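The model shown is predicted, which means the values in this text are computed figures rather than measured ones. Chain letters run A, B, ... following the sequence lines, proteins first, then strands; residues in each count from 1.
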2 protein chains.
Amino acid sequence: MSVKKSSHGPISKLVRKMRKHALLTQNELAELAGVGKTLVFDLENGHENIRFENLRKILQVLNIQISFSAPQIEDVKPAKVRK
Amino acid sequence: MSVKKSSHGPISKLVRKMRKHALLTQNELAELAGVGKTLVFDLENGHENIRFENLRKILQVLNIQISFSAPQIEDVKPAKVRK
DNA sequence: TCTATTTTACTGGAATAACGGTAAAATAGA
DNA sequence: TCTATTTTACCGTTATTCCAGTAAAATAGA
């Protein structure tokens, strides 16, 4: 799939930066992660609508940690979701 | 889709826990996040193969932060990916 | 410049996530 | 128990990710 967005999200830049530092080509990263090369290309170019599992595979190769943090339960209420 | 896995991942449990504390039903959470109810159900039941964008929408409603952290660039090298 | 590598880009088709609808369990409250 | 709510579950259809293949730019190195 071709990429429409011209503004690259934070993940895009992080992935590209880390891949460069790891001295990997897009194809190599794709192979190590077990995904298609198109996926790596799209991800680096702002196409963040990717399966979570595939994103995890790629980030794992690059030693990028994903963490989830929840606030204190007293504060929990539906957040304002911006359209 | 039906869920095969009986072992629920950490995200599953976190989502369910936070949803409960927010006093939301699965349907309400789905509506607030703008996704289908099946998606919330599947997520809470260990089906983590979900689109990253949809996961983000759900976590946003529950005030769960996603963060990415990269090690020092000197340490960056392809990680051992376990099959 | 010449050449090889890499990146960017597009395509068709296969795989599958996501959806609403429906309904049966499970749960909670009166 | 009775009732309403919620959760769990399955289904068919639709939408879209994902893939390999291909090729054209862009880049780097000799």
Side-chain angles (χ1 to χ4, degrees), chain A residues 1-62 64 66 73 76-78 81 83, chain B residues 1-62 64 66 73 76-78 81 83:
Chain A
M1 157 206 238
S2 63
V3 178
K4 267 78 178 185
K5 292 176 62 177
S6 59
S7 64
H8 298 184
I11 306 175
S12 314
K13 293 180 177 175
L14 181 59
V15 167
R16 170 157 296 184
K17 178 175 154 192
M18 295 299 284
R19 177 178 62 80
K20 295 281 192 185
H21 283 297
L23 299 177
L24 293 174
T25 68
Q26 290 182 344
N27 286 340
E28 288 170 341
L29 174 54
E31 275 193 25
L32 284 170
V35 300
K37 62 185 175 9
T38 311
L39 197 55
V40 174
F41 165 72
D42 285 347
L43 178 60
E44 289 191 1
N45 284 85
H47 181 71
E48 296 182 357
N49 201 3
I50 180 182
R51 275 185 226 164
F52 179 60
E53 182 176 320
N54 284 334
L55 175 61
R56 230 177 20 191
K57 287 183 191 170
I58 293 173
L59 298 188
Q60 187 176 16
V61 173
L62 297 176
I64 300 175
I66 311 178
I73 56 180
V76 177
K77 54 180 179 288
V81 180
K83 247 286 293 306
Chain B
M1 155 203 238
S2 62
V3 177
K4 267 78 176 184
K5 293 176 62 177
S6 59
S7 63
H8 298 184
I11 307 174
S12 314
K13 292 181 178 174
L14 181 59
V15 167
R16 170 158 296 183
K17 178 176 154 191
M18 294 300 284
R19 177 178 63 79
K20 294 282 192 185
H21 282 297
L23 298 178
L24 293 173
T25 68
Q26 290 183 343
N27 287 339
E28 288 170 341
L29 173 55
E31 274 194 25
L32 285 169
V35 300
K37 62 184 175 14
T38 311
L39 198 55
V40 174
F41 165 71
D42 284 347
L43 179 60
E44 290 191 0
N45 284 86
H47 181 70
E48 295 181 359
N49 201 4
I50 181 183
R51 276 186 225 162
F52 179 60
E53 182 177 320
N54 285 334
L55 175 61
R56 228 174 23 189
K57 286 183 192 170
I58 293 173
L59 297 189
Q60 188 175 16
V61 173
L62 297 176
I64 299 176
I66 310 179
I73 55 179
V76 177
K77 54 180 178 289
V81 180
K83 248 284 292 307

Check your understanding: For dT6(D), does either OP1 or OP2 sit under 4.0 Å from a side-chain N or O belonging to Arg19(B)?
Key -> no
Exercise for review: Return the set of residues passing side chain to side chain contact (heavy atoms under 4.5 Å, CB included) with Lys20(A) (not counting sequence neighbours), or none when no residue passes.
Suggested key: Arg16(A)
Review point. Taking only side-chain nitrogens and oxygens of Asn27(A), does any of them come within less than 4.0 Å of OP1 or OP2 of dT6(C)?
Key: no
Using nucleotides 22-28 of chain C, report all nitrogen or oxygen pairs with the protein that are shorter than 3.5 Å.
none

Check your understanding: Phosphate oxygens OP1/OP2 of dT6(D): is one of them under 4.0 Å from a side-chain N or O of Lys20(B)?
Key -> no
Check your understanding: In whole Å, what is the span from the CD atom of Glu48(A) to the C1' atom of dT16(D)?
Key -> 17 Å
Exercise for review: Please report the closest heavy-atom contact between Met18(A) and Ile64(A), naming both atoms and the distance.
Suggested key: CG-CD1, 3.7 Å
Practice item. Round to the nearest Å and state the distance from Glu53(A) atom CD to dA18(C) atom P. Key: 12 Å
Review point. Ile66(A) versus Phe52(A): any side-chain heavy-atom pair under 4.5 Å?
Key: yes
**Study point:** For Arg51(B), all residues meeting side chain to side chain contact (heavy atoms under 4.5 Å, CB included), sequence neighbours excluded
**Key:** Asn49(A), Asn54(B)
Review point. Just how far, in rounded Å, is P of dT7(D) from CG of Leu39(B)?
Key: 15 Å
Practice item. Please report the shortest heavy-atom distance between Arg19(A) and Leu29(A), naming the atom on each side. Key: CD-CD2, 3.7 Å
Revision key, fill the gap. Side-chain atoms of Asn45(B) come closest, of dT17(D), dA9(D), dG20(C), to dA9(D)
Revision key, fill the gap. When every non-hydrogen atom of Leu62(A) is compared with those of Val15(A), the smallest separation belongs to CD1-O, 3.7 Å
Review point. Choosing from dA18(C), dT7(D), dT17(D), which nucleotide comes nearest the side chain of His47(A)?
Key: dT17(D)
Review point. Does Asn54(A) make a side-chain N or O approach to OP1 or OP2 of dT17(D) shorter than 4.0 Å?
Key: no
Review point. To 10°, what angle do the rotation axes through the five end pairs on each side of the helix from dT1(C)-dA30(D) to dA30(C)-dT1(D) form?
Key: 60°
Review point. So do the side chains of Leu55(B) and Leu43(B) get within less than 4.5 Å of each other, counting heavy atoms only?
Key: yes
Exercise for review: Return the value, rounded to whole Å, for the distance between atom CG of Asp42(A) and atom P of dC18(D).
Suggested key: 9 Å
Review point. When you check the phosphate oxygens OP1 and OP2 of dA17(C), does a side-chain N or O of Arg51(A) lie under 4.0 Å from one of them?
Key: yes
Check your understanding: Can you name the salt bridge (Lys or Arg N to Asp or Glu O under 4.0 Å) partners of Glu53(B), sequence neighbours left out?
Key -> Lys57(B)
Exercise for review: Quick one: list whatever passes side chain to side chain contact (heavy atoms under 4.5 Å, CB included) with Glu31(B), sequence neighbours left out.
Suggested key: none
Check your understanding: For Arg16(B) and dT8(D), is the shortest distance between a side-chain N/O and OP1 or OP2 below 4.0 Å?
Key -> yes
Review point. Taking CZ from Phe52(A) and P from dT16(C), how many angstroms apart are they, rounded to a whole number?
Key: 19 Å
Point to revise | Nearest to side-chain heavy atoms of Phe41(B), which nucleotide of dA9(D), dT6(C), dT17(D) | key: dA9(D)
Study note, to complete from the structure: Atom CG of Asn49(A) and atom P of dC18(D) are separated, to the nearest Å, by 8 Å
Check your understanding: Of the nucleotides dT6(C), dG21(D), dA18(C), which has the atom closest to the Ile50(B) side chain?
Key -> dA18(C)
Check your understanding: For dT6(C), does either OP1 or OP2 sit under 4.0 Å from a side-chain N or O belonging to Gln26(A)?
Key -> no
Check your understanding: Given that Glu28(B) and Val35(A) both sit by DNA chain D, which one's nearest nucleotide is further toward the 5' end?
Key -> Glu28(B)
Review point. Do Ile58(B) and Val40(B) have side-chain heavy atoms sitting under 4.5 Å apart?
Key: yes
Practice item. Take atom CG of Leu43(B) and atom P of dA9(D), then tell me their distance rounded to the nearest Å. Key: 15 Å
Check your understanding: Over how many whole Å does the gap from Leu55(A) atom CG to dC18(D) atom C1' extend?
Key -> 14 Å
